[in-house]
Amino acid sequence: MLFEDAKRFYQAWLSDQGYTARQGQLDMMRFIADSLTRTQARIGVVEAGTGTGKTVAYCIPAAIEARRKGKTLVIVTSTVLLQQQLLHAELQQLANLFSPGLTFGIMKGRRRYACIDRLDKNAHSQGDTSIDLFGNENPSRTDRRIASDLLDRFNTRQWDGDMDAAPIPLAGRHRSSFTTDALGCHRNSCEYAKPCPYFRARNKVSALDVVVTNYSLLMASGREGIDMLPAPEDCIYVFDEVHRLADIVMNSGAIRASTSAVTDAVEKVEDFVSRLMNQVEEGHPLSSSQQDILDIVPRVPPLIDRFRHHLADLIRTNAVESDSQHKVFRFVAGRVDETTREHAGVLASTLGGLHVVLNEMFTTLDEARANLPMWINTDVLGRAVRSLTELLMTTRDLTSLFEDWGSDSPIASARWLSPDDEDWRMHTVPIAVEEILNETVWSQAHGVICTSATIYSSQAFDQFKQEVGLNLPDDHFKRIASPFDFRRNVKFQVANIGFSQPGGEAFNRAAAAYLPQVLTKNRSGLVLFTSRFDMVAVFKQLPSSFRELCLMQDDLSMAETLRKHRETIDKGGQSYIFGLVSYREGVDLPGDYCQHVVIMRIPFNVPDDPVIKSQKEVLGLENAFMQYDVPQASLRLFQACGRLLRSETDRGWITVLDRRIIERKQYCDELVRPLPEFEIVDLKNPVNRVV
């Protein structure tokens with residue numbers, strides 16, 4: 001029934017847009033319809049090859065079913081580019097085919113919207129010095145002018161407060177100064193609560209049929225405020241670009257801080273309280289919190305000193321595993337020893353107590369904003385609240401870090417130390433992704449569709465199942481092949497520059513000499529590296545005449561790099577982009593914009609990565625390289641190859657400089673198994689190389 005309804009909408013969309021039907025879209029719609037109408041476990045995973053048209057294929061059946069069940073369709077992506085495409089292309093095209101029309105919009109976190117209170121405070125700051133009375137930087141004259149300009153545009157409705165659509169150029173400091181987070185937001189007590197851009201956007205969400213958002217916001221429960229989205233049981237989720245899901249979940253929960261940061265934090269707390277007490281009148285209600293803070297602060301430095309000595313003993317006695325260059329000292333499988341847990345637990349308790357008292361002080365000051373008491377000046381109050389907000393965020397994160405290190409919970413995390421000058425930096429990354437997702441999504445949502453052009457690896461869907469914790473039958477998974485003729489339209493070749501394995505200075509010199517020879521046969525190209533060091537080394541050694549035609553990642557923003565690249569090609573010139581992982585996954589350069597993809601080396605995991613090593617240990621694999629590293633490398637290789645053909649008329653070359661793809665018999669078949677049916681040509685004769 002759902003598929004038949006979806007097919008009728010699809011035919012109407014095709015007629016409206018002047019397109020012809022694609023079998024891949026129909027197959028994907030049927031699979032999604034079957035997945036969303038199950039009686040339980042309404043979860044479907046579908047890899048849709050490039051050119052399938054997956055956005056329309058998931059939007060139509062998911063939107064129909066969401067409306068039928070009274071749910072909100074929440075489409076989750078990881079890039080702003082895809083979010084904008086959804087809003088201004090596919091959803092716009094589909095909206096009027098529904099009756100009543102489909103309503104849709106975007107939801108972003110607080111940091112993506114201007115805080116009008118902060119804009120006002122920056123615009124009207126009267127500080128003549130660079131530092132305010134709490135030791136924070138006052139806005140410069142230029143920053144006051146920028147804040148005033150934005151405030152005027154907002155008040156005259158020339159701008160809606162969306163920081164991503166700011167009408168004037170902004171620096172990074174402006175985004176932090178002119179926005180706030182859940183902790184710093186005064187909600188209904190704020191005089192700008194009614195026109196607040198964030199609350200306006202959030203209020204609109206409840207009335208929308210379709211909400212487009214990002215993974216970071218979805219995973220930010222407790223930090224950014226998941227209340228801005230409907231409850232999971234009231235949602236049908238579509239996770240697009242889902243191959244990034246596990247990494248995003250881990251990154252969203254990662255915390256790191258040095259032990260000296262703890263000492264710095266309590267010194268700032270002590271300094272803040274001292275400055276605040278000098279600005280309040282007699283009879284103020286802060287005395288109890290002040291005394292509690294002054295009781296706790298002196299207890300922290302001795303605890304940190306003992307903890308530092310303990311960490312030094314761990315390193316000295318080899319109680320933690322070090323990497324080959326002694327840059328990381330890791331707890332095997334993330335398991336912290338009992339003595340370290342005890343030290344961390346005491347610090348967590350002490351810092352947690354400090355955070356509680358600071359929060360009590362914050363509540364008192366926040367209430368004073370509404371009542372405007374005589375015991376504190378209004379300007380002092382505003383500055384104090386902003387300073388205290390920063391201290392609360394710092395103590396919250398430090399408490400969370402030590403709580404994690406002091407926990408004996410079975411939920412797995414990767415934990416390690418790294419040198420930080422003469423200090424130690426602590427790291428924790430949650431790696432029990434399956435438990436986090438099961439608790440927040442899989443067991444809660446009404447329905448979930450996961451899709452990407454690259455999910456399938458050398459172990460079929462098993463790698464993805466393992467990463468995200470989806471232990472479901474095979475009929476919950478489907479692979480839809482790309483309609484493109486890869487065998488005819490792609491020349492896939494493995495070069496021979498005289499090295500059986502990439503890496504090292506000699507290889508980089510040879511690559512720098514070879515790249516101009518192979519790339520200048522085409523007007524455009526994308527050269528993909530796994531290491532920034534190697535990318536820079538090769539780029540610097542290119543012949544100057546060729547280097548002038550190249551753009552390297554990080555010299556400009558990605559948006560500006562792609563703009564310049566396209567502009568050069570449009571004018572009939574030559575342009576070649578040198579990039580890392582972000583160019584392997586998220587770049588769409590159809591037609592003449594990318595005629596040649598060069599893959600410098602197979603994208604294997606970094607051997608000493610502490611997160612990956614802990615994951616493999618927790619999984620307890622018999623052959624971690626073949627069961628974990630090779631499948632991940634095959635998936636990344638698939639993603640890299642996917643940068644070439646972006647439409648049915650595209651043609652081009654893929655050149656791999658890493659000969660292990662055909663020479664390492666123990667795993668080369670596994671690497672190429674997920675790839676389209678390329679005809680792989682081995683350029684056996686080595687080119688003349690310059691060494």
Side-chain angles (χ1 to χ4, degrees), residues 1-7 9-10 22-50 52-69 71-78 82 86 90 94 209-213 215 218 232-246 248-249 433-434 437-438 440-457 459-482 635 674:
M1 180 65 177
L2 175 55
F3 174 64
E4 294 303 320
D5 290 343
K7 191 160 65 171
F9 270 85
Y10 179 58
R22 299 182 189 180
Q23 187 59 47
Q25 283 181 315
L26 286 166
D27 291 345
M28 186 170 174
M29 283 192 288
R30 184 186 294 276
F31 173 77
I32 290 172
D34 291 344
S35 298
L36 293 180
T37 52
R38 289 189 176 95
T39 55
Q40 58 185 358
R42 290 179 289 271
I43 299 172
V45 179
V46 52
E47 179 184 277
T50 305
T52 300
K54 61 185 172 68
T55 308
V56 165
Y58 66 62
C59 278
I60 292 176
I64 293 172
E65 185 66 6
R67 179 167 282 187
R68 182 177 294 164
K69 296 294 185 181
K71 308 298 181 182
T72 301
L73 173 57
V74 178
I75 302 175
V76 190
T77 80
S78 60
L82 183 53
L86 278 161
E90 286 90 352
L94 293 170
D209 295 312
V210 184
V211 177
V212 179
T213 190
Y215 285 107
L218 186 72
E233 60 267 26
D234 295 323
C235 293
I236 291 176
Y237 292 118
V238 173
F239 290 163
D240 207 339
E241 301 171 309
V242 77
H243 62 274
R244 300 181 179 180
L245 180 58
I248 290 170
V249 171
V433 173
E434 69 283 359
L437 286 173
N438 186 60
T440 57
V441 179
W442 307 140
S443 67
Q444 301 296 318
H446 177 79
V448 187
I449 298 300
C450 300
T451 187
S452 172
T454 50
I455 309 175
Y456 201 84
S457 74
Q459 292 188 341
F461 286 105
D462 290 350
Q463 179 80 17
F464 180 75
K465 291 179 183 180
Q466 177 181 280
E467 284 183 350
V468 302
L470 277 181
N471 186 24
L472 295 171
D474 289 344
D475 62 353
H476 287 256
F477 300 83
K478 187 173 183 63
R479 192 183 195 201
I480 297 174
S482 169
L635 181 60

* Asked: Considering only heavy atoms from C-beta outward, does the side chain of Y237 approach that of P232 to under 4.5 Å?
  -> yes
* Taking only residues two or more places apart in sequence, or in another chain, which ones meet S452 in a side chain to side chain contact (heavy atoms under 4.5 Å, CB included)? -> V242, H243, T454, I455
* Structure fact -> All heavy atoms of L2 vs all of A33, minimum pair found to be CD2-CA, 3.6 Å
* **salt bridge (Lys or Arg N to Asp or Glu O under 4.0 Å) pairs, two or more places apart, involving residues 472-481** => E47-R479, K465-D474
* Structure fact -> When rounded to the nearest 0.5 Å, the distance separating CG of L73 from CD1 of I64 is 11.0 Å
* How long is the span from the CG atom in L26 to the CZ atom in F31, to the nearest 0.5 Å? -> 15.5 Å
* To do: List the atom of G44, the atom of S35, and the distance in Å for their closest heavy-atom pair.
  => CA-OG, 3.6 Å
* A246 backbone acceptor or donor facing E467 side chain under 3.5 Å -> no
* Rounded to the nearest 0.5 Å, what separation is found between the CG atom of D462 and the CG atom of L470? -> 12.0 Å
* Asked: Can you name the residues that form a salt bridge (Lys or Arg N to Asp or Glu O under 4.0 Å) with D209, not counting sequence neighbours?
  -> R67
* For R244, enumerate each residue passing the salt bridge (Lys or Arg N to Asp or Glu O under 4.0 Å) test, keeping only those at least two apart in sequence or located in another chain. => E585
* Asked: Could you state the interatomic distance from OG1 (T451) to OH (Y58), rounded to the nearest 0.5 Å?
  -> 7.5 Å
* To do: Taking the side chain as every heavy atom from C-beta outward, state whether D34 and F3 have any atom pair closer than 4.5 Å.
  => no
* Output every pair passing salt bridge (Lys or Arg N to Asp or Glu O under 4.0 Å) with a member in residues 54-65, not counting sequence neighbours, ordered by first then second residue. => K54-D240, E65-R68
* To do: Please list, chain by chain and in numerical order, all residues satisfying side chain to side chain contact (heavy atoms under 4.5 Å, CB included) with C59, sequence neighbours excluded.
  => T55, I75, L86, L91, L94
* To do: Measure up the F461 and F477 rings against each other and bin them: parallel (under 30°), tilted (30 to 60°), perpendicular (over 60°).
  => tilted
* Asked: Residues in salt bridge (Lys or Arg N to Asp or Glu O under 4.0 Å) with E233, at least two apart?
  -> none
* CD-CG distance between E241 and L82, expressed to the nearest 0.5 angstrom -> 5.0 Å
* Nearest heavy atoms of A41 and L472, plus distance in Å -> CB-CD2, 4.3 Å
* Report the residues that fulfil side-chain hydrogen bond (donor to acceptor under 3.5 Å, both in side chains) with T50, sequence neighbours left out, ordered by chain and then residue number. => none
* **Residues I60, M29; criterion side chain to side chain contact (heavy atoms under 4.5 Å, CB included); working and verdict** => CA-CA 8 Å; I60 292 176; M29 283 192 288; 4.3 Å; yes
* Provide the closest heavy-atom pair for A48 versus M28 in the form atom of the first, atom of the second, distance. => CB-SD, 3.8 Å
* Structure fact -> Tightest non-hydrogen contact, residues S457 and P674, listed as C-CG, 3.4 Å
* Check each of V212, V238, V210, T213 against V74 using the side chain to side chain contact (heavy atoms under 4.5 Å, CB included) test, and report the only one that passes. => T213
* Asked: When rounded to the nearest 0.5 angstrom, what is the spacing between CZ in F239 and CG in L437?
  -> 7.5 Å
* **By side-chain hydrogen bond (donor to acceptor under 3.5 Å, both in side chains) - contacts of Y10 (at least two apart)** => Q25
Under 3.5 Å, which donor-acceptor pairs do the side chains of residues 440-450 form with other protein atoms, sequence neighbours left out?
{"from": "T440", "atom 1": "OG1", "to": "I436", "atom 2": "O", "distance (Å)": "2.8"}
{"from": "W442", "atom 1": "NE1", "to": "V468", "atom 2": "O", "distance (Å)": "2.9"}
{"from": "S443", "atom 1": "OG", "to": "N438", "atom 2": "O", "distance (Å)": "2.5"}
{"from": "H446", "atom 1": "ND1", "to": "R42", "atom 2": "NH2", "distance (Å)": "3.4"}

* Asked: What pairs with E4 under side chain to side chain contact (heavy atoms under 4.5 Å, CB included), at least two apart in sequence or on another chain?
  -> K7, R8
* Structure fact -> Applying side chain to side chain contact (heavy atoms under 4.5 Å, CB included) to Q466 and not counting sequence neighbours gives L619, L621, Y628
